[in-house]
Each structure stands twice: as C-alpha cells, then as structure tokens.
Number of protein chains: 2
Amino acid sequence: MSRKRATSHEVAKRAGVSRTTVSFVLNNVEANISKETRQRVLQAAKELDYVPDAAARMLASRQTRTLGLVIFDAIHLQVDAFISKVLYSLTEVSREHDFRVIVEAVEDLGRDDAYLSLVQAKQIDGLIVLNPRSDDSQLPRLIDEGFPLVLVGKIKHPGAYCVYHKSAVREAVTHLISLGHERIAHITYAPIAYRSADSRLRNYRRALAEAGINADEKLIRYGNYTAQSGYEAMNSLLAAKLRPTAVFAGNDTIAIGAMSAIHRHGLRIPEDIAIVGYDDIPVAPFTIPPLSTVRTPALMQGRLAGEMLIKLLQGEKPARPQIMLETELLIRESCGAKLADSQLNRVLS
Amino acid sequence: MSRKRATSHEVAKRAGVSRTTVSFVLNNVEANISKETRQRVLQAAKELDYVPDAAARMLASRQTRTLGLVIFDAIHLQVDAFISKVLYSLTEVSREHDFRVIVEAVEDLGRDDAYLSLVQAKQIDGLIVLNPRSDDSQLPRLIDEGFPLVLVGKIKHPGAYCVYHKSAVREAVTHLISLGHERIAHITYAPIAYRSADSRLRNYRRALAEAGINADEKLIRYGNYTAQSGYEAMNSLLAAKLRPTAVFAGNDTIAIGAMSAIHRHGLRIPEDIAIVGYDDIPVAPFTIPPLSTVRTPALMQGRLAGEMLIKLLQGEKPARPQIMLETELLIRESCGAKLADSQLNRVLS
DNA sequence: TTGAAAGCGCTAACAA
DNA sequence: TTGTTAGCGCTTTCAA
C-alpha cells in the first residue's frame with residue numbers, strides 16, 4: 001500500500017536498458033538477450049523489488065493468467081467435501097502453472113449471469129464449472145462459442161470438455177440386491193434440481209429395474225444437504241407400513257443421519273436394515289458400524305480438469321476431451337456383506 | 001471468445017456522446033447528466049451487450065474490486081468445514097458488494113510469497129487471511145504498512161483487524177471436570193504448527209491447571225487432519241497403563257475416530273469414557289451417541305470479515321477493529337452430562 | 001451538462 | 001541484440 005511500487009520504466013533506467021528489454025527478460029521471451037544484460041535486468045528488478053502490475057499486464061497481453069471456478073448450488077460448499085476437494089486440487093494445479101483462481105459461487109439459476117460477466121469482462125482466461133446444471137442455458141452457449149471451459153461433472157452436450165466419474169450407484173444398489181434385499185429405499189441428498197442428486201436417483205431406479213424389482217415410490221425420500229434431513233427421511237421411512245430392509249443414501253451425511261434414526265428405533269445395522277452411502281467422507285470408516293460407501297475421485301477430477309483447461313489455454317487440444325474416472329464401492333460393515341460372509345463361513349466350517 | 005466485444009468507444013458512438021459520458025453513466029458518477037442522455041447510453045450499452053473490460057478498468061481506476069482469500073495450511077480445506085464455510089459466506093458478501101474473490105492457498109510457509117505477490121502485483125484491493133500463523137513474517141509487515149487486511153482468526157499484533165471466536169476449550173474441559181473427570185486426554189487435530197490446533201492444546205492445559213489438575217503429558221496425542229489419526233491416537237491412549245476417563249478431541253473428525261476406537265475396545269461412551277469434540281460438523285448430532293461439541297460461528301466470521309474489509313476499502317474505519325464472536329458448548333450425549341442428570345433424577349425421585 | 005485529452009503500466013511489432 | 005513506438009480500453013481532470 002504505502003510505498004509506491006517500482007515500474008518497469010524504473011527498472012529499465014536502473015539497468016540501463018529499454019523497457020522492452022525488461023519485459024523480454026522478465027517474460028523469458030525468446031529474443032536473444034545477452035547473458036550480461038539479462039543479469040543486469042534481473043538484478044535491477046530485484047533491487048527495486050519490482051513486480052509487474054497485474055492489470056497493466058493483462059490489458060497489454062490480453063491474458064489474465066486467471067482461472068474461474070464456477071460453483072453451482074454453492075450452498076453445498078458448506079457440507080459437501082467434494083467441492084472443497086476439487087477447489088483444493090485446482091488451487092494446487094493453478095499454483096504449479098502460475099495461474100490464479102477466482103471463485104464464483106452461483107446461488108440460484110435466476111442470477112446465473114455473475115459468472116458470465118466474468119468472461120464478458122475478460123477477467124479470466126477460462127472456466128472450470130463444478131456441478132454443471134443441464135437447465136443452465138448459458139453453458140451450452142459458452143461451449144459453442146468455443147470459450148475455454150472444462151466441466152467437473154457432465155451435461156448432455158457433445159462438444160463439452162469434462163472430467164466426470166463413473167456412477168457407482170448401480171454397483172451399490174446391485175450389491176444390496178445381491179445381498180438379498182428387495183425393499184431398498186433411497187434418500188436424495190439434495191433437491192433433484194441438483195443435477196448429481198437427480199442422477200443418483202435415476203440410477204437407483206435403473207438398477208432396481210434391471211434387477212426386475214419394481215421401484216416402489218413410497219421408498220423414496222427427498223433430503224437436502226443436511227444430516228438432519230437424512231434423519232427425518234429415515235424416520236418417515238420407518239414409520240411406514242412396509243419398511244425397507246436396506247437404504248441407499250444419496251451421500252454419507254444423509255447416511256449418517258439415517259443410521260442415527262435406525263439406531264434410535266432400536267433396530268440393528270446391518271442386521272435389520274442395511275445401508276450404503278456415497279462419497280466416502282473422512283469419518284465414514286469410523287461410524288458405528290463403519291459405513292459402506294462409494295469413493296469418488298474428487299481430487300483427481302479437480303487436477304485433471306485444471307490441467308485440461310490450462311492445456312486448452314496454451315492452444316493444445318487435449319487428447320481426450322471427456323475423461324471418465326473410476327469410482328470404488330467400499331464394502332465396510334453397514335451393508336451387511338461382511339456379516340453375510342462370516343455367517344457363510346460359519347456354515348461352511 | 002469468438003465474437004469481439006464492444007468497447008466504450010462504440011457505445012459512445014452509438015449513443016452519440018463521448019466516452020467520458022459513457023463512463024460517467026455506467027459508473028453512476030455524480031456528474032449531472034440529463035436523464036435523456038443517460039437513457040440513450042444505457043440503451044446503447046444494452047444493445048451492444050457491452051461489459052467494460054476488467055483489466056482496463058483496473059488499470060485506469062487503480063482498483064480491482066477483487067478480494068484475496070489467503071488460506072494457510074490449505075490441505076485442511078479438504079476436511080475442515082470451517083474453511084469452506086468462511087469461503088462460502090465470503091463469496092456471498094462479495095457478491096452483494098460486487099467484488100470478486102481470488103483464493104490463494106498457502107501450502108507451507110516456505111513459499112508463502114504467493115499471496116504477497118498478489119498484493120505486490122496489485123491484483124487485489126484487500127486480503128482476508130484465514131488461519132493466520134504467528135510465525136509468518138510477512139503478515140505483520142503488511143499490517144504495519146497499512147495494507148487493507150482482515151484476519152479470520154488471531155495473531156498477536158496490536159494493529160490487526162480481525163474476526164475471531166472465543167475459545168470454548170476451557171468451557172469444554174471444565175465441563176468434563178465438573179462431571180468428575182480428572183484423567184482427561186487431548187488429541188490435537190493437526191500438528192501444533194497449525195495455530196488453532198496449538199491454541200486448543202494450550203487452552204486445554206490451562207483449563208486443567210486452573211482446576212488444580214496436573215496435566216499429564218502422557219494423555220496428549222498429536223493427530224493430523226484425518227479421522228484415522230484420531231482412531232490411532234485413541235488406541236494408543238487405550239493401550240496405556242492408566243487410561244483416561246474422558247477425552248477432549250481437537251475437532252469432531254478426530255472425536256469420531258476416537259469414538260470408533262473406544263467402541264472397538266468394547267468400552268461404552270460416555271459411561272466408560274466421555275468425549276467432547278469441537279466444530280459441530282453436520283454429522284455431530286447423529287453420531288452414536290450424539291457428540292457433545294463446540295459450535296463455531298464460521299459463517300458469521302466470514303461475513304463480518306468480508307464486510308469489515310470492504311468497509312476498510314471504502315475508507316471507513318470499522319467501529320471495532322477486533323471482533324470476538326461467541327461460541328457455544330453443545331451438550332449432547334457423548335460427554336455424559338445427560339446421563340449424570342438422569343441418574344441424579346433417579347436418585348432424587 | 002458534456003467533451004478533449006492525458007494517462008494507468010505494460011506488451012510486442014517493427015526498426016535499427 | 002536492443003530501442004522506438006504504438007497501442008490495450010478505461011477513468012478522470014480540466015476546460016468549455
């Protein structure tokens with residue numbers, strides 16, 4: 001603040017060269033500059049504690065070296081570790097490549113133009129879009145215009161660059177079915193306007209259908225992003241005439257709320273009701289009993305998306321425009337598979 | 001990308017005025033501009049889909065309308081909901097005041113100049129610093145220079161603007177003591193270089209000392225940011241000759257790891273070992289048994305810090321440069337207070 | 001009430 | 001190998 005910062009002009013004067021030379025040296029331009037001159041410039045810059053003015057540089061060079069991270073339904077940021085992880089790995093990648101990150105939290109689609117103005121004002125070079133929503137009309141337009149943009153997640157758009165993970169919902173539900181369950185409930189972890197909550201719901205239905213099981217709509221509950229909503233949803237499920245024998249929870253937070261409800265009803269997990277979550281939050285292995293869940297490659301998604309975007313900005317076309325990462329169903333104790341195993345062993349031995 | 005954006009010059013031409021007038025109208029400058037002219041300018045801007053170039057505006061106006069959020073020990077971002085909450089509320093405040101947020105994650109103090117270059121390059125107008133570290137030498141300097149900066153947390157520096165919360169460690173530990181515990185263990189939730197982990201440890205020692213209890217160093221364990229470390233620390237505590245009767249965990253994630261270990265040892269919570277956490281993460285009310293913990297005003301801290309910084313940037317001096325927010329000890333079941341109550345009731349009735 | 005003109009600090013084509 | 005020069009698109013003082 002206080003002390004006025006040096007300009008490239010002053011550096012040039014001190015080094016006895018022109019501003020052009022200063023610019024070339026500091027930007028490592030391929031112009032042949034003698035080692036000696038280069039040394040002198042570097043020295044002068046250091047002595048004056050010179051750091052180029054970002055705004056001036058952006059204006060002149062027409063690039064900002066800044067990435068925008070657009071977070072849809074940002075309220076989930078408070079509880080959804082997936083978002084934080086993507087942010088974390090994106091800041092890492094950005095640092096490695098000397099980029100900055102502007103976070104643009106989008107609250108509701110009504111006012112979704114905040115992130116648009118970021119590109120219109122040319123304040124960023126490219127965008128990472130987290131939890132993209134299919135009902136967002138701006139996104140496809142941006143993509144069609146060829147604006148550098150990588151999705152973490154997926155929308156139906158052929159030309160979109162994206163890094164998503166394979167849904168393991170089917171695996172999770174099928175696993176429950178293989179354990180003998182037919183009355184499998186589902187609790188969403190957000191209103192279904194939230195795209196990935198919706199997709200989990202749809203995949204749940206599909207898995208059931210594939211197994212020839214009639215999805216009973218009475219076994220579906222809609223949670224929000226709180227554990228409390230999982231708790232309440234489970235209570236309502238337990239109050240019904242025909243109880244589920246298993247629950248596929250939209251995420252781990254919901255699962256933990258549900259487990260608490262089951263426990264309070266005096267029922268055992270997994271003997272009376274089996275449960276599987278999603279996300280593998282840090283505490284999942286330590287719930288009582290340990291929660292079977294699906295591990296999601298959040299960090300890797302953030303990293304790959306960042307790298308893809310930066311590659312795009314450098315004018316390279318990424319080898320694979322759409323990257324699908326694997327997910328992993330982690331079988332712990334809440335689903336009852338291990339229990340089933342040990343019973344089986346007992347019978348066999 | 002594709003289509004070239006309109007400049008203020010074109011807007012001026014279309015509206016039949018000068019660029020000055022366009023600038024005045026769009027920035028609501030107090031120059032008396034006729035309603036009619038203003039209308040025409042607005043109309044032209046709209047027709048051309050004009051959005052001022054951010055870099056040019058920054059360069060000319062000498063302000064960026066961008067805030068920097070510096071996150072120390074950013075690896076915690078993945079698991080520490082406190083950070084995400086502050087980020088969330090800061091993006092909210094920023095949006096309300098038409099500011100952007102650049103997130104600068106600081107990994108280790110060695111390379112802490114990344115956020116410094118943000119201010120040197122004048123890429124931001126002010127800084128919010130999350131989890132400031134006392135051993136960071138740059139921070140005091142920045143503050144002394146009068147750079148607009150608000151801490152979320154605290155360091156020992158008289159002139160610093162900050163929003164922190166009252167430690168409730170003492171309350172938590174004292175509560176455990178009042179329940180009759182003397183062998184109270186502590187597990188940190190991060191290496192003690194992490195300032196707030198260290199402060200929790202120190203306050204734990206102080207609370208014990210105040211109650212005339214000799215802090216037994218053998219009852220202290222150092223966790224990292226994982227639940228796993230809490231699990232392991234608890235196991236090591238349980239393996240010792242003299243077991244603790246209560247645990248004050250550095251945060252809820254640690255607490256949940258510890259609870260799992262206690263459970264696996266066949267011990268009951270809180271009857272055999274009582275436990276109190278810190279942070280009140282979303283699942284805390286739903287652990288088995290529900291976790292007693294301390295609720296922290298993360299969202300409010302982010303909001304107040306943001307508002308304070310923006311006020312500072314507007315040249316106003318905030319009424320209170322240092323704001324301390326209250327925290328709340330939430331007594332649920334893991335600490336045994338309710339159990340004690342009910343036993344008491346039984347005796348009395 | 002509006003316009004002319006001088007920067008803001010840098011990059012980069014072109015010339016030397 | 002280095003310097004001259006012309007912008008980049010906007011704000012803002014000053015004059016009209």
Side-chain angles (χ1 to χ4, degrees), chain A residues 3-42 44-45 48-66 98 117 119-125, chain B residues 3-42 44-45 48-66 98 117 119-125:
Chain A
R3 61 160 196 264
K4 196 113 184 72
R5 300 214 53 85
T7 68
S8 74
H9 184 238
E10 301 174 61
V11 176
K13 222 162 47 182
R14 185 176 196 102
V17 298
S18 76
R19 293 165 66 210
T20 310
T21 308
V22 172
S23 173
F24 281 178
V25 170
L26 263 35
N27 293 321
N28 274 313
V29 172
E30 276 307 328
N32 295 333
I33 286 171
S34 69
K35 249 194 184 140
E36 188 203 4
T37 312
R38 154 170 266 104
Q39 245 345 293
R40 245 182 325 150
V41 171
L42 256 20
L48 293 171
D49 196 16
Y50 171 69
V51 177
D53 182 282
R57 186 198 277 243
M58 288 179 198
L59 182 57
S61 72
R62 334 252 44 207
Q63 11 170 46
T64 62
R65 290 203 83 79
T66 303
D98 203 22
S117 79
V119 349
Q120 292 170 327
K122 304 208 224 32
Q123 202 163 357
I124 43 134
D125 293 339
Chain B
R3 58 160 198 266
K4 196 112 184 71
R5 300 215 54 86
T7 68
S8 74
H9 184 236
E10 300 175 61
V11 176
K13 222 163 47 181
R14 185 177 196 102
V17 298
S18 75
R19 293 165 66 211
T20 311
T21 307
V22 172
S23 172
F24 281 177
V25 169
L26 262 35
N27 293 321
N28 274 312
V29 172
E30 277 307 328
N32 295 334
I33 286 170
S34 68
K35 245 188 187 145
E36 189 202 5
T37 311
R38 153 170 266 106
Q39 242 349 289
R40 247 182 323 150
V41 171
L42 257 19
L48 293 171
D49 197 16
Y50 171 69
V51 178
D53 182 282
R57 187 198 278 245
M58 287 178 197
L59 182 57
S61 72
R62 335 253 41 211
Q63 10 171 44
T64 63
R65 289 202 83 78
T66 302
D98 203 22
S117 79
V119 347
Q120 292 169 327
K122 306 207 219 42
Q123 203 164 355
I124 44 134
D125 293 339

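Values below: all heavy atoms of this structure, side chains included; hydrogens, waters and symmetry mates excluded. Reminder, nothing fancy here: chain letters follow the sequence lines and each chain counts from 1.
Residue B/Arg57 contributes atom CZ, which lies 22 Å from atom P of C/dG7 at whole-angstrom precision. Protein atom CD of A/Gln120 is 16 Å distant from nucleotide atom C1' of D/dG9, rounded to whole Å. Rounded to whole Å, the distance from CD on B/Gln63 to C1' on C/dC8 is 13 Å. Atom CD of B/Gln39 and atom C1' of C/dT1 are 17 Å apart (whole Å). For the pair B/Glu10 CD and D/dG9 C1', the computed distance is 11 Å after rounding to whole Å. Rounding to whole angstrom units, CE of residue A/Met58 and C1' of C/dA12 are separated by 18 Å. The interatomic distance linking B/Leu26 (CG) with D/dT12 (C1') rounds to 15 Å, in whole Å. If you measure from atom NE2 of A/His9 to atom C1' of C/dT11, you get 15 Å, rounded to the nearest angstrom.
Residues passing the side chain to side chain contact (heavy atoms under 4.5 Å, CB included) test with A/Val51 are A/Arg5, B/Gln120, B/Ala121, sequence neighbours excluded. Shown here are the side-chain hydrogen bond (donor to acceptor under 3.5 Å, both in side chains) partners of B/Arg40, two or more places apart in sequence or in another chain: there are none. Among residues two or more places apart in sequence or in another chain, the salt bridge (Lys or Arg N to Asp or Glu O under 4.0 Å) test is passed with B/Arg65 by none. With sequence neighbours excluded, the residues satisfying side chain to side chain contact (heavy atoms under 4.5 Å, CB included) with A/Ser23 are A/Asn27. Applying the side chain to side chain contact (heavy atoms under 4.5 Å, CB included) test to B/Ala60 and every residue at least two apart in sequence or in another chain returns nothing.
Here the closest non-hydrogen pair linking A/Ala44 and A/Val11 is CB-O, 3.9 Å.
At the phosphate of C/dC8, neither OP1 nor OP2 sits under 4.0 Å from any side-chain N or O atom of B/Ser61. Dashed line: the shortest gap from a side-chain N or O of B/Thr37 to OP1 or OP2 of C/dT2 is under 4.0 Å. OP1 or OP2 of C/dG9 lies within a sub-4.0 Å distance of a side-chain N or O belonging to B/Arg62.
Looking at which nucleotide of DNA chain C each of B/Leu59 and A/Asn27 is closest to, the 5′-most match is held by B/Leu59.
Of the candidate nucleotides C/dT11, C/dG9, D/dT1, C/dT11 has the atom lying nearest to any side-chain atom of A/Ser23. Residue A/Ser34 places its side chain closer to D/dT1 than to any other of D/dT1, C/dT1, D/dT11.
Exactly one residue among A/Thr37, A/Leu42, A/Val17 makes a side chain to side chain contact (heavy atoms under 4.5 Å, CB included) with A/Val25. That residue is A/Leu42.
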Contact list (N/O, under 3.5 angstrom) for nucleotides 3-5 of chain D vs protein:
unit_1 : atom_1 : unit_2  : atom_2 : d
D/dG3  : OP2    : A/Ser18 : N      : 2.7
D/dG3  : OP2    : A/Ser18 : OG     : 3.3
D/dG3  : OP2    : A/Thr21 : OG1    : 3.0
D/dT4  : O4     : A/Thr20 : OG1    : 2.5

